[in-house]
Amino acid sequence: PIFQEQVMKLAVESAGYTPGESDQLRRDMAAWRSSGRIEAHHDRFVQRMIDRGISEEFAERVFSQIRGFGEYGFPESHAASFALLAYVTSWLKCHHPEAFLCGMLNAQPMGFYAPATLIEDAARHAVITLPIDVNHSKWDCTLETTEVATEANANASLGPVACFRSVLAVRMGYRYVKGLSSRDRERLEIVPHPVRSIEDFARKSQLSLNAMISLAEAGAFDSLGMTRREALWRVRAAVPGARAPMRTEPGSKTPALRALTLPEQVLWDYRASQHSARGHPMSPLRPWLAQHGFASASEVRELAHGRRVECMGLVICRQRPGTATGVVFLTLEDEQGFVNIVVWTNVFDRYQRTVRTASLLGVRGKVQSADGVVHVIAEELYIPELSVGPLDHRSRDFH
């Protein structure tokens, strides 16, 4: 049987179930967390098949199939709905990837993947994501046109001339800034643009000091021509009633504060909004990883079956299905994609704490490749010791 309706028909035809009894069988199959409910049908189902001239051995096999089907079966109408959803979402992701990403981000929390993973996957498919910005962002993520450079054209008199084209991009919304409240949302939605300075924004938005600090930490004031550290300094002076920052002498200007490097900006993004439109946390580590023999996700996909490999990535999800006899499945992500990790029970028992808690994970193991599907069978798992690395990253765990 593939669908519940087929099991109902099987019960009617082979065991003489009435329509009402077959519907009850369907209900009891669907209650897969209560296995005792399906067992209540065993004696009646098997005996009725025997009474109809079917051998007991075959009757037991049929009921065993029904019992196993109850672990995964669902109605045909559900299958049709899932098929339609799968087709439509695949079509949207293929033909309108910007709109698809924007809609997915605005529908969170949902689904299997965290927003940061959706953003990184979209980037690998040439979708541009723009950071949170007080002059462009709304509460929800939006679509906007941006200019991107194309290959330079040679001009006889001017030399190489950069060319640009307009493309759709996804602008991240305020909804992703940690610490903003529903009241902050109401105030942000009525702020008129353009905003010329932090003081101008503070006056127009009437946000609290904490909300202004959250925006500064998320880089929302970057386009106003100041670093995040400068913005954090200035918001205290901009919010009425807030404690002004310390100054060395009366009338002194904002002190010269070191600008964040790009890797630091990415880490600040993750702390403030659990994502970054400026890059992947693993990108700054790639030269060091390559030097020390760590394979990237794209390199793992090209390795031959049975090849030993060492890789490292962010743990974006953990799964331990009840039907997998204790096997744990991990998905690691780096700036080039995903690596699927299989952790057999004996390995999980040795590295249980690491598997359960690590946000950045190193894996040594063997490649398993068949029909284009590539996994790494883990033999050793560890938490890498790095002076700089991804922070405040959380996985999606399913059990």
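Each residue takes its place number in the sequence, starting with 1. Please read these numbers as outputs of a predicted model, since none were measured by experiment.
Put simply, the side chain of V177 reaches to within 4.5 Å of the side chain of L215, judged on heavy atoms. V7 is not listed as a side-chain neighbour of Q4, based on a closest heavy-atom distance of 4.5 Å or more. For the pair V374/H305, no side-chain contact is recorded, criterion being any heavy-atom separation below 4.5 Å from C-beta on. The shortest side-chain heavy-atom distance between V376 and V339 falls under the 4.5 Å cut-off. Considering only heavy atoms from C-beta on, F329 stays 4.5 Å or farther from I341 through its side chain. Counting heavy atoms from C-beta outward, V167 and E98 have side chains that stay 4.5 Å or more apart. With a 4.5 Å cut-off on side-chain heavy atoms, V266 and H280 do not count as touching. With contacts defined as side-chain heavy-atom distances shorter than 4.5 Å, the pair E380/V363 does not qualify.
A donor-acceptor distance shorter than 3.5 angstrom exists from the side chain of D334 to the backbone of G337, with no hydrogens or angles considered. Of the possible donor and acceptor atoms, none in the side chain of R203 sits under 3.5 Å from a partner among the backbone N and O of A238. Between the side chain of N135 and the backbone N or O of V195 there is at least one donor-acceptor pair closer than 3.5 Å. Between the E230 side chain and the T227 main chain, a donor and an acceptor come within less than 3.5 Å of each other. A donor-acceptor pair is defined here as one N or O able to donate and one able to accept, closer than 3.5 Å; no such pair exists between the side chain of H375 and the backbone of V342. Between the side chain of S273 and the main chain of Y270, no donor-acceptor pair closer than 3.5 Å is present. Not one N or O on the side chain of R171 forms a donor-acceptor pair closer than 3.5 Å with the backbone of H136. Between the side chain of K178 and the main chain of S214, no donor-acceptor pair closer than 3.5 Å is present. Here the side chain of T357 pairs a donor or acceptor atom with the backbone of R353 at under 3.5 angstrom. A donor-acceptor pair under 3.5 Å is formed between the side chain of S137 and the backbone N or O of M172.
Taking R301 as the reference, A297, S298 meet the side chain to side chain contact (heavy atoms under 4.5 Å, CB included) condition, with sequence neighbours excluded. With sequence neighbours excluded, the residues forming a ring pair (Phe, Tyr, Trp, His ring centres under 6.0 Å) with H292 are W288, listed by chain and number.
Side chains of D200 and S197: no donor on one and acceptor on the other come within 3.5 Å. Remark: the S283 side chain and the E335 side chain contain no N/O donor-acceptor pair separated by less than 3.5 Å. Between the side chains of S223 and D133, at least one donor-acceptor pair of N or O atoms lies under 3.5 Å. Side-chain atoms of H41 and Q24 form no donor-acceptor pair, as typed in the model, at a separation below 3.5 Å.
Minimum heavy-atom separation, P384 to L360: CD-O, 3.2 Å. Smallest separation of non-hydrogen atoms from P115 and L105: CB-CD2, 3.9 Å. In terms of heavy atoms, M226 sits closest to F221 at CG-O, 4.1 Å. The nearest pair of heavy atoms linking L25 to A11 is CD2-CB, 3.7 Å. Contact detail for L143 and C102: the closest heavy-atom pair is CD2-CB, 4.1 Å. Here the closest heavy-atom approach between residue A277 and residue L130 is recorded as CB-C, 3.8 Å.
The existence of a salt bridge linking E189 and R185 is confirmed by a sub-4.0 Å separation between a basic side-chain nitrogen and an acidic carboxylate oxygen. Contact check on E379 versus R364 returns no salt bridge, with no Lys/Arg side-chain nitrogen under 4.0 Å from an Asp/Glu carboxylate oxygen. A salt bridge links R48 with E21; the closest basic N to acidic carboxylate O contact falls under 4.0 Å. Using a 4.0 Å cut-off between charged side-chain N and carboxylate O, D269 and R228 make a salt bridge. Contact check on E264 versus R278 returns no salt bridge, with no Lys/Arg side-chain nitrogen under 4.0 Å from an Asp/Glu carboxylate oxygen. By the 4.0 Å N-to-carboxylate-O rule, E5 lies too far from R26 to be salt-bridged with it.
F201 does not carry R196 over the face of its six-membered ring by the limits of under 6.0 Å from the centre and within 45° of the normal.
Note: the hydrophobic cluster containing M104 also contains Y87 (ILVMFWY, side chain heavy atoms under 4.5 Å, direct or indirect links). Taken together through direct or relayed side-chain contacts under 4.5 Å among Ile, Leu, Val, Met, Phe, Trp and Tyr, V239 and I190 form parts of separate hydrophobic clusters. Side-chain heavy atoms closer than 4.5 Å link hydrophobic residues (I, L, V, M, F, W, Y) into clusters, and following such links, possibly through other members, connects I50 to F58. A single hydrophobic cluster is seen to contain both L207 and L209, as judged by linkage of ILVMFWY side chains at heavy-atom distances under 4.5 Å, directly or through other members. No single ILVMFWY cluster, assembled from side-chain heavy atoms under 4.5 Å apart, contains both W91 and L85.
Heavy-atom neighbours of K138 NZ from other residues, nucleotides or ligands within 6.0 Å: at or below the threshold of 12. No more than 12 heavy atoms of other residues, nucleotides or ligands shown are found within 6.0 angstrom of CD on E56.
The distance from atom CZ of R187 to atom OG of S181, rounded to the nearest 0.5 Å, is 8.0 Å. To the nearest 0.5 angstrom, L361 atom CG is 12.5 Å from I316 atom CD1. Considering CG of L381 and CG of L330, their distance stands at 7.0 Å, rounded to 0.5 Å. Rounding to the nearest 0.5 Å gives a distance of 13.0 Å between CZ of R308 and CG of L303. Within the model, atoms SG of C141 and CD of Q108 stand 9.5 Å from one another, a figure rounded to the nearest 0.5 Å. Taking CG from N340 and OG1 from T331, the interatomic distance works out to 5.0 Å, rounded to the nearest 0.5 Å.
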Quiz item: Going through the checks in order, is the salt bridge (charged side-chain N to carboxylate O under 4.0 Å, His left out) test met by R61 and E57?
Solution: CA-CA 6 Å; R61 283 169 52 196; E57 185 270 338; 3.6 Å; yes
Exercise. Might you work through the side chain to side chain contact (heavy atoms under 4.5 Å, CB included) test for F294 and V309, ending with a clear yes or no?
Key: CA-CA 8 Å; F294 289 88; V309 67; over 6 Å; no
Quiz item: Going through the distances and angles, do E39 and R67 end up as a salt bridge (charged side-chain N to carboxylate O under 4.0 Å, His left out)?
Solution: CA-CA 8 Å; E39 294 302 325; R67 182 192 290 117; 2.6 Å; yes
Exercise. Might you work through the side chain to side chain contact (heavy atoms under 4.5 Å, CB included) test for V343 and V327, ending with a clear yes or no?
Key: CA-CA 6 Å; V343 185; V327 179; 5.9 Å; no
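In this structure, F338 has its ring center under 6.0 Å from that of Y113. Remark: aromatic rings of Y176 and H275 are close, center separation under 6.0 Å. Ring pair Y17/F45: centre-to-centre distance below 6.0 Å.
Using cut-offs of 30° and 60° on the angle between ring planes, the pair H78 and F82 is perpendicular.
Residue pairs meeting the side-chain hydrogen bond (donor to acceptor under 3.5 Å, both in side chains) criterion with at least one member in residues 120-129, sequence neighbours excluded: K93-D121.
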